[in-house]
Structure formats: C-alpha cells, structure tokens
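By convention here, the first residue in the shown sequence is residue 1. Atom set for the values below is all heavy atoms of this structure, side chains included, hydrogens, waters and symmetry mates excluded.
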Amino acid sequence: MRVALFLTCVNDTLYPDTGRAVVRLLGRLGVDVDFPLAQTCCGQAHYNTGYRHATEPLARHYAEVFGEYDAIVTPSGSCAAMVRELYPRLGERARAEGRGEELAGLVAPVVPKTYELTEFLVDVLGVTDVGAVYPHKVTYHPTCHGLRSLGLGDRPRRLLEAVRGLELVELPGADECCGFGGTFAVKNAGVSAAMGADKVRNAESTGAEVLCAADNSCLMHLGGTMSRAGSVVRPVHIAEILASTEEEPAR
C-alpha cells in the first residue's frame, strides 16, 4: 500500500512535530510514508470564506499530487473533511454551472482515499493499541469536523485508552465547539474567545495535564487561550501522544 502524508498548511507552518510524529507512528506500525513535496493548501480557508472558484485550482492540484497513492493520511480532521465532504460539492457545482465534468472526475478518486489519522489507524490498519507510552492525565476534545463531518466517533478515545500510563478523563461539554472555526475566530472574535474560555475552564476542571485533540487549528486557538489565562493544561495533538514511547517520549 502506497501511503502519503498530507501535512496541511497549519501543521507545516506551525506544528511540524505533528507531521514527524505521524511518520514515526506509522513507521512503527510497518507503514512506509511518502511526503509529496508538491502538496499545498487544500483550500478550506478559501472555501469557507466564500471564494469557491478560487478553491477549485487547489482541489485540482490536490488530486494531481495525491492521485497515485492508495491512501492519503492527514493529522487534521478539518482538512480531511474538506476533501471528503466539500470536494465533491465543488465538482457538482462546476458541473451545474456548465463548466464540465473535469473537476468532478479528477477529485472523485482521492475523496474516499483521504483519511484522518485515527480513521486510518482503526479502520484501515485495524489497530487500537499502537504501542504508545504516555504517563500523563489527559482529556480529549472531539473537534467539530471530526465529530460532525467525519463521524470519528470513539476511534480517538479507543486509541488513547490503549496507551500505557495514560489516564483518560472525561471533558465536560466535550461536544461543544471550541470557538475557532477558522475565519469565524476573526469575524466573530468576541464570541470565539468566550467559547474558547469555556472549553479551557472545562478542561481545567478535569485536573488533566493535557488537552488532546486531532486538529492543531483548534489546539492553536485553545493553546492561546490557555497561555493568556496562565493555565497549567497543555495542548497536545493526538499524533504526538500515539507516537510517544519509553525510548522517545513526548512531553
């Protein structure tokens, strides 16, 4: 199976250690991972801001870069949802506007091959115990795209529950949005900040050392809120927890 890592813009720019963690984790499980250097943005920010036509070249490029792979794995629920849920809509709208079948035909093969990391581990590799060791108290925030668009369900929790030394505690209001929402945080800054503060208070109430999620964009928002509030809770991507071992521990 030829597997490619789609790192995403946010991770490439701000959280490269998450990408390294994915490669270490999958390598430990016997999966060789390619990193196509031609990859760029999936177009999520453009699409969500209303620039649908400007998103189409990015969708086309994604399909061209990743089309030859058997699976495309990304440590971002929101970017996986962009490909799976919204790329088909781009193709359908182009067709409806009389601009042909080309886009729909090009993106169709990559849509079902794009997996969020925990989906790939549980559904494709069939594992929940990845051999991780992480002796910390952790609470898990199921981000909106993972929860509602991808339907990740209990996959991340099952993976975390199998980590040696990890104590998983329930997050109050777990299914509530953290307030990031990409451009929502810019356009509705006050509401976004209040939602983030609520999420952080809930995380602190658990006594956890770590707030874990499967999307660094949400963790970036919450991490900023934690930093300003002087919180003792740390944001950590689930990939970094799952990649952690006794020999190479994550913080």
Side-chain angles (χ1 to χ4, degrees), residues 1-15 18-19 22 33-120 123-124 142-153 155 177 179-188 192 214-218 220-221:
M1 182 167 56
R2 294 198 65 203
V3 176
L5 170 63
F6 173 44
L7 185 54
T8 79
C9 301
V10 168
N11 289 320
D12 187 39
T13 306
L14 299 172
Y15 302 101
T18 296
V22 173
V33 183
D34 287 346
F35 181 73
L37 294 177
Q39 63 181 276
T40 58
C41 176
C42 67
Q44 179 187 173
H46 308 66
Y47 187 92
N48 290 346
T49 312
Y51 295 97
R52 177 168 54 86
H53 287 177
T55 307
E56 292 180 6
L58 294 167
R60 188 176 290 109
H61 184 70
Y62 180 95
E64 291 167 349
V65 169
F66 291 106
E68 66 184 76
Y69 291 94
D70 300 308
I72 306 136
V73 180
T74 180
S76 170
S78 61
C79 294
M82 175 67 195
V83 175
R84 294 246 295 274
E85 188 174 40
L86 299 178
Y87 275 16
R89 294 188 193 179
L90 284 173
E92 291 165 8
R93 290 294 296 274
R95 182 191 296 121
E97 292 167 358
R99 292 187 287 116
E101 305 280 338
E102 182 261 348
L103 182 60
L106 192 61
V107 300
V110 296
V111 168
K113 296 191 294 185
T114 298
Y115 297 92
E116 184 273 332
L117 174 64
T118 65
E119 281 184 308
F120 184 74
D123 296 353
V124 179
T143 62
C144 291
H145 284 94
L147 184 67
R148 297 173 176 85
S149 296
L150 298 177
L152 294 182
R155 293 174 183 85
C177 177
F180 177 62
T183 54
F184 176 85
V186 177
K187 296 177 180 178
N188 301 277
S192 172
D215 211 314
N216 269 328
S217 56
C218 297
M220 175 179 65
H221 174 63

Is any side-chain heavy atom of [Y] closer than 4.5 Å to one of [X]?
X	Y	value
Cys42	Phe6	yes
Pro75	Tyr15	no
Leu90	Thr55	yes
Thr114	Phe66	no
Val73	Val33	no
Tyr115	Val124	yes

Residue pairs, two or more places apart or on separate chains, that pass salt bridge (Lys or Arg N to Asp or Glu O under 4.0 Å) and touch residues 106-116 = none
What's the spacing between [X] [atom1] and [Y] [atom2] if we round to 0.5 Å?
X	Y	atom1	atom2	value
His221	Cys218	NE2	SG	8.0 Å
Thr143	Arg148	OG1	CZ	9.5 Å
Met82	Cys41	CE	SG	8.0 Å
Thr18	Asn216	OG1	CG	4.0 Å
Thr183	Asn48	OG1	CG	6.0 Å

Please list, chain by chain and in numerical order, all residues satisfying salt bridge (charged side-chain N to carboxylate O under 4.0 Å, His left out) with Arg2, sequence neighbours excluded.
-> Asp34, Glu68
Applying salt bridge (charged side-chain N to carboxylate O under 4.0 Å, His left out) to Asp12 and not counting sequence neighbours gives none
Might you point out which heavy atoms bring [X] and [Y] nearest each other, and give the distance in Å?
X	Y	value
Gly77	Leu150	O-CD1, 3.5 Å
Phe180	Phe184	O-CB, 3.6 Å
His61	Ala38	NE2-O, 2.7 Å

Where at least one partner belongs to residues 78-93, residue pairs that pass side-chain hydrogen bond (donor to acceptor under 3.5 Å, both in side chains), sequence neighbours excluded | Gln44-Ser78, Ser76-Ser78, Ser78-Asp215, Arg84-Glu119, Glu85-Ser149
Thr49 side chain vs Ala45 backbone, donor-acceptor pair below 3.5 Å = yes
Which atom pairs, donor and acceptor, lie under 3.5 Å between side-chain atoms of residues 102-111 and protein residues at least two apart or in another chain?
| residue | atom | partner | partner atom | Å |
| --- | --- | --- | --- | --- |
| Glu102 | OE1 | Arg60 | NE | 3.3 |
| Glu102 | OE1 | Arg60 | NH2 | 3.2 |
| Glu102 | OE2 | Arg60 | NE | 3.1 |

Using the test side-chain contact (heavy atoms from CB on, under 4.5 Å), find all partners of Phe35 that sit at least two apart in sequence or belong to another chain.
-> Leu5, Leu7, Leu37, Gln39
